[in-house]
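Provided herewith is a single structure, encoded as structure tokens, for subsequent inquiry.
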Amino acid sequence: MTLTVRDLHVAFETRGGRVNALRGVNLSVAPGETLGIVGESGSGKSVTAQAIMGLIDLPGRIEAGSITWNGKSLLEGDGYGTSVWGREISMIFQDPMTSLNPLMTIGAQICEVLTQHLGMTAEQARERAVDLLAAVGISGPRRRVDQYPHEFSGGMRQRAMIAMSIACNPKVLIADEPTTALDVTVQAQILDLLAELQSGLGLAIILITHDLGTVAGLCQRVAVMYSGRIVESQSVDAIFERPQHPYTQGLLRSTPRLDEPATRLLSIEGTPPSLMQADDGCAFRKRCPIAADACKEMPPLVTEGAVQIACHFPGRPAWQARQAG
Ligand SMILES: Nc1ncnc2c1ncn2[C@@H]1O[C@H](COP(=O)(O)OP(=O)(O)OP(=O)(O)O)[C@@H](O)[C@H]1O
Ligand SMILES: [Mg+2]
């Protein structure tokens, strides 16, 4: 039960020109594993999730690459994807208010998933909806099931979304910034809930965030995205100890750590290159302190043991040590 993405290219034809959003994404998730995907705004995290869920629509197009589940392609037109999306692989979105229907009760929305995908009767679905609300920590689920989204707080709406996404007992749950719309305490509760579900249901989770701190708490492995590609992937412990890619090293310099004395946070200067220009080199080279001539050529993503890295100079310290302060 492995989800594998290979050399995925996605482009959007916009009025302003062609946006090469994904330029060769490679990743895989094993059963029970929690993979974090981190990267700056616009690096392609959401587009990757949308592609896995079959949600790339015009003006977007998957131009190359493969997405397979259990070795079978989700992209072929034989309907395999349709039988997997929303069931074996499901997704929760950043903002539950735009994903929930304001005109339907929470229960009706969960029941819709259950009757459509699992062929339950209305009565069975309602019972299961109550159980699901309880499972995601909503108290008084029998009363809550008949309420509308506006009667729920932000955190409860996100819980309801999670209930909906696990309704069909998925094997993989993709969570795209599931906590950014919530305040800090509620964020922590939602992340705890995801961790609980992960161990209880044996789910694989792909957690998308731009915050390495969030990843540290929940994930076993992390993939770092930059400009439409994965530039580094390794275990969370290892990435905090030995970040290989200069971009990852830079990200870590700008992430506060609880286990270290307060240090000044340093950001990476510059901005990512435009996704409209075709560029054959390493996308990070203009911001990279150790870039050299070799970097005009795109470094391939190389696997060495448990580490995947796309850099001509992996592991070389790119930035000066953080200053205490
Ligand atoms: N429907 C679309 N039409 C045109 N361009 C798009 C579309 N969707 C995404 N893009 C472009 O694809 C690139 C990657 O976007 P994506 O949403 O995946 O970024 P992200 O990493 O999720 O960023 P964020 O952290 O802000 O959510 C961006 O340059 C974005 O403008
Ligand atoms: Mg996004």
Side-chain angles (χ1 to χ4, degrees), residues 3 5 7-27 29 35-65 67 75 85 89-99 158 161-162 165 172-182 187 190-191 194 205-216 218-219 222-233 245 247-248 250-252 254-255 267-268 270-279 283-284 286-287 301 310:
L3 174 69
V5 176
D7 201 31
L8 188 67
H9 286 70
V10 172
F12 294 91
E13 293 294 347
T14 68
R15 245 186 288 166
R18 186 188 155 82
V19 178
N20 300 299
L22 302 188
R23 305 177 307 136
V25 168
N26 289 283
L27 60 86
V29 198
L35 171 73
I37 301 182
V38 295
E40 281 167 305
S41 190
S43 56
K45 304 180 299 293
S46 294
V47 172
T48 301
Q50 287 157 11
I52 293 171
M53 291 301 295
L55 296 173
I56 298 293
D57 253 329
L58 289 174
R61 222 161 67 88
I62 293 179
E63 309 235 292
I67 304 173
L75 302 179
W85 294 316
I89 305 178
S90 71
M91 180 157 167
I92 47 178
F93 297 90
Q94 180 168 345
D95 180 6
M97 218 36 194
T98 54
S99 320
Q158 193 56 293
M161 280 293 299
I162 294 173
S165 70
V172 180
L173 180 63
I174 304 174
D176 189 356
E177 309 255 15
T179 60
T180 34
L182 307 170
Q187 277 183 16
I190 295 292
L191 293 174
L194 288 176
I205 293 181
I206 300 179
L207 177 73
I208 295 175
T209 167
H210 45 250
D211 176 21
L212 266 170
T214 305
V215 163
L218 194 68
C219 301
V222 55
V224 180
M225 276 196 91
Y226 190 79
S227 207
R229 304 186 76 208
I230 307 280
V231 294
E232 173 164 6
S233 169
H245 198 283
Y247 175 62
T248 315
L251 268 187
L252 282 168
S254 54
T255 305
S267 58
I268 306 173
T271 50
S274 161
L275 294 171
M276 296 216 176
Q277 283 150 14
D279 182 354
F284 190 60
K286 299 255 160 63
R287 298 168 81 184
L301 187 68

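Every number for a ligand or one of its atoms is a count from 1 in the order of the listing.
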Problem - A11 backbone acceptor or donor facing N20 side chain under 3.5 Å - result: no
Practice task
Return yes if some donor-acceptor pair links the side-chain N/O of Q158 with the main-chain N/O of P178 below 3.5 Å, else return no.
Solution key: yes
Exercise for the section: Taking the side chain as every heavy atom from C-beta outward, state whether H245 and V224 have any pair of such atoms under 4.5 Å apart. Expected result: no
Handout entry: Sole residue of T209, L207, I206, L212 in side-chain contact (heavy atoms from CB on, under 4.5 Å) with C219
Key = L207
Handout entry: Min side-chain heavy-atom separation Y226-L251 under 4.5 Å
Key =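 Side chain of Y226 against side chain of L251, heavy atoms only: no contact under 4.5 Å found.
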Exercise for the section: Could you name the protein residues that come within less than 4.0 Å of ligand 1, counting only heavy atoms, and order them by chain and residue number? Expected result: F12, T14, A21, E40, S41, G42, S43, G44, K45, S46, V47, E177, L275
Handout entry: L194 side chain near I92 side chain, heavy-atom distance below 4.5 Å
Key = yes
Problem - Beyond-backbone contact of V25 with M225, side-chain heavy atoms, under 4.5 angstrom - result: yes
Problem - Student check: side-chain heavy atoms of L22 and Q50 closer than 4.5 Å - result: no
Exercise for the section: Less than 2.8 Å from the Mg ion (ligand 2) is the window; count the protein N, O or S atoms in it. Expected result: 1
Handout entry: Side-chain touch L8/L27, heavy atoms, less than 4.5 angstrom
Key =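 Side chain of L8 against side chain of L27, heavy atoms only: no contact under 4.5 Å found.
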